[in-house]
Peer 1: 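Pasting a structure below so you can have a look.
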Amino acid sequence: MAFTLYALLQAALLFVNAIAVLHEERFLRNVGWGTDQGIGGFGEEPGIKAQLMNLIRSVRTVMRVPLIAVNSITIVLLLLFG
């Protein structure tokens, strides 16, 4: 597989899909990344773990419908052009 723009976009799509399918109760809480794990005090900067959890939660919330469309388009392109 050559390193092309399409391959780069497909890798990014796979990465976003991987983030989107992480289930908080079944997987993330078992590895210590649940919602209640990253609670900080008032005025404290959130740590890396809390920021990553916010990113995962945001990707799951915002990218749900666009991911369905982009995945469908990718599947059709792969079926048509190989």
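Model, not experiment: these values are computed from the prediction.
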Peer 1: Taking the side chain as every heavy atom from C-beta outward, state whether Arg60 and Val21 have any pair of such atoms under 4.5 Å apart.
Peer 2: no

Peer 1: Distance from Gln51 atom CD to Ser58 atom OG, nearest 0.5 Å?
Peer 2: 11.5 Å

Peer 1: More than 12 heavy atoms of other residues, nucleotides or ligands under 6.0 Å from CG of Leu80: yes or no?
Peer 2: yes

Peer 1: About how many Å separate CG of Leu52 and CZ of Arg57, when rounded to the nearest 0.5 Å?
Peer 2: 11.5 Å

Peer 1: Do Leu67 and Leu55 share a hydrophobic cluster, counting only Ile, Leu, Val, Met, Phe, Trp and Tyr and linking them when any side-chain heavy atoms are less than 4.5 Å apart?
Peer 2: yes

Peer 1: With rounding to the nearest 0.5 angstrom, report the CG to CE distance, Leu13 to Met63.
Peer 2: 8.5 Å

Peer 1: Quick check on side chain to side chain contact (heavy atoms under 4.5 Å, CB included): which of Leu77, Val76, Val70, Ile75 does Ile73 satisfy it with?
Peer 2: Leu77

Peer 1: Side chains of Leu9 and Thr74: does their closest heavy-atom pair fall under 4.5 Å?
Peer 2: no

Peer 1: List in chain and number order the residues that pass side-chain contact (heavy atoms from CB on, under 4.5 Å) with Ile19, two or more places apart in sequence or in another chain; answer none if no residue qualifies.
Peer 2: Phe15, Ile56, Val59

Peer 1: Looking at CG of Leu5 and CD of Gln10, how far apart are the two atoms once the value is rounded to the nearest 0.5 Å?
Peer 2: 11.5 Å

